[in-house]
Amino acid sequence: MLSLKSILTGTAVSVSMAGVAVADGHGGPYAPYDGTTLVINVPAHPHYNAMMKILPEFTKETGIEVEVDQLQYLKMREKQTLELTKSRGDYDMIAYVVFSKADYVFADQLENLARFFMDPKLADPSYDAEDLIDGYVANIGIAGGFKGYLPGATGSLFGIPYGSETSVLAYRKDIFEKHGIDVPQNYDQLLDAACKIPEVEPGMGGMASRAASGHQASHAFLLHLAPLGGRVFDDSWEPIINNEAGVAAANALKTIVDCGPEGSQTFGPAEAAAAFSQGQAAMFMDSIAFAAGFEDPSKSKVAGKVGYALHPEGVRRGSQTGGFGIAIPKNAQNKEAAFLLMQWLTSKRGDLLVAMAGGNPSRFSTYQDPGLNEKYPYSATFGEALKYADPDWRPIIPTWGKINADIGTTMSQVLTEGLDPQEALNGVAERARAIMDEAGYYTWQ
C-alpha cells in the first residue's frame, strides 16, 4: 500500500501538531486569514459533537471563525448534493460519509489536497502523515488508485479521515462470566454464543445487529462477508458475492438475527445499540463510535459491565472501515483557510483533543496516549483492532448505491421471508453484473 506520505509529496514528512498556539495577533501561517469566517457542513454524530467542543480553541489560536451547519447525515448528503453543483458554494469544508467519496470525486467536486500540502505557507512540516491510520486514509481519503478507490500508483488524496470507525465486539462481561461462556475469537464461537445466550438467559438476545431492509441489512451482511473470506466483486469486476463465502455470511447474519432480541429484523444501528445498552442483548458488533454511549450511566443500563474484543476471525480477520472524512469542495470560497482548519483538526494535537472530548481518533499515536487510555480504557482494544481494518470490505464505486440497495432489500427477504440465501445472492450477482455492464466496467474485456 502506498503511504500517505508518498501520495502527498513523494518525500519523507515528519508530523506533530499543526495548529500549535501562536503569538498574540495570530501570526505565522494564520495571519493572512485572521478574521475569516469558515462555513462547514458536518453530521449530527458523536465525533462531530466532540469537534464542536474544540473549535473555540482553533479560533483562539488562529483568529479564524468557524460557522457549523450540523445535519443528520442523510440530510447532510442531500444538502451537499445541491451545494456541490453550484458555481460558488456556501461550504468551505464538508464532512462526508465514506461511500460518498466515489460520487464526489467522480463528479470532480472535491479539491485534490496535493497542492495544499505542497504549499510551504500552508503545510505544517510537523504534520506526520505517516501517523494517520492507513486503513482509514485508504478507505476515506484516496481515489484513483487500485480499483479506482484504493491506494495505488495513480491514486490521489481528496479527504482526510475524521470520525472514522471500525468494528469491534462489545459483550456483557457479567453474563459471559455467569454462564462460563468464552469471549468469541472466531465465527464458530460467535454464532454458538449468539444462540446459547437466549437459552441460558431467558428474555435476552444473543447479539443485537442491524437488519432493517436496505442499507442496514446490506451493511450487516458485508460486516461478515469480509472476515469469512468474501468480496462483492473479483478484481475484474465479476460479481462473486454469491460464492461459498457469500452464502456463509448470509447464513451467519440470519443466525444472529434469529437468536437476537425481539424486533431484530427492523433494527438500524441506533436500535441495535439501544437494545444492547438497555440489557436486551449480550453482544453488539458494530462501530467503535457506540462505546462512549454504552459507558454513560445516564443513558446505559450496562455501563461498567461491557468488555470489548476484536472482531472475531473467520477465514481471516477483517474489521470494517467506515465513518466520515473531511474535504474541501471545488467551489469553496476560502480554500486555504479551510485547509488550515483541516490540518489543525487532524494534527496530532487536534486528534488527541477531539478524542479526549469523546471523538474517534484518526491517528495511531492517539490510541497510544496514556491519558486517553486512562480516560477510555477500551481505546487500547480499538487501537489493536485497527491493525485488521479492511479498506476494501465494500467497493466504493459510483454504482455502489444501486447495488448496495439491492443487497439490502434482498437480504431483508432472507431474514424475514425465508428466501434461500443462495437463490437470493444469485439474483444479486445477476443484477449487479447488469448494473456494472451498463456503467462500462466491462468495456475493456
Other residues, nucleotides, ligands: >12 heavy atoms within 6.0 Å of [X] [atom1]:
X	atom1	result
E244	CD	no
K86	NZ	yes
K387	NZ	no
Q278	CD	yes
E262	CD	no
E238	CD	yes
E417	CD	yes

Any side-chain to backbone donor/acceptor pair from [X] onto [Y]? Under 3.5 Å, distance only.
X	Y	result
N334	D92	no
W393	T321	yes
E177	D174	no
E313	Y187	no
S379	N373	no
T409	S213	no
Q72	L74	yes
S277	A274	yes
D131	R363	no
T81	R77	yes

With the side chain counted from C-beta on, respond yes when [X] and [Y] share a heavy-atom pair under 4.5 Å apart, and no when they do not.
X	Y	value
K147	W237	yes
K335	R115	yes
V428	P239	no
P227	Y388	no
I54	W344	yes
F284	V302	no
H311	M285	yes
L345	M93	yes

(message) Can you tell me how the ring of Y378 sits relative to the ring of Y308, calling it parallel under 30°, perpendicular over 60° and tilted otherwise?
(response)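 It falls in the tilted class, 30° to 60°.
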
Does a side-chain N-to-carboxylate-O contact under 4.0 Å join [X] and [Y]?
X	Y	value
R349	E57	yes
K79	D90	no
D406	R431	yes
D258	K254	yes

Work out which heavy atom in [X] is nearest to a heavy atom in [Y]; give both atom names and the distance.
X	Y	result
T399	M436	OG1-SD, 3.3 Å
A424	V414	CB-CG2, 3.6 Å
L372	T366	CD2-O, 3.2 Å
I160	Y96	N-OH, 4.5 Å
A138	P391	CB-CB, 3.9 Å
G322	I140	O-CD1, 3.6 Å

(request) Go through the steps for T416 and T266 under the test side chain to side chain contact (heavy atoms under 4.5 Å, CB included), then give the verdict. (result) CA-CA 9 Å; T416 62; T266 63; over 6 Å; no

(message) Check for me whether the distance between the ring centres of H45 and F324 falls short of 6.0 Å.
(response) yes

(request) Answer yes or no for R433 and Y442: cation-pi contact, defined as NZ/CZ to six-membered ring centre under 6.0 Å and angle to ring axis within 45°. (result)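 Here R433 passes the 6.0 Å and 45° test against Y442.
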
Assess the side chains of [X] and [Y]: does a donor N or O sit below 3.5 Å from an acceptor N or O?
X	Y	result
Q70	N49	yes
N41	Q80	yes
N426	Q422	yes

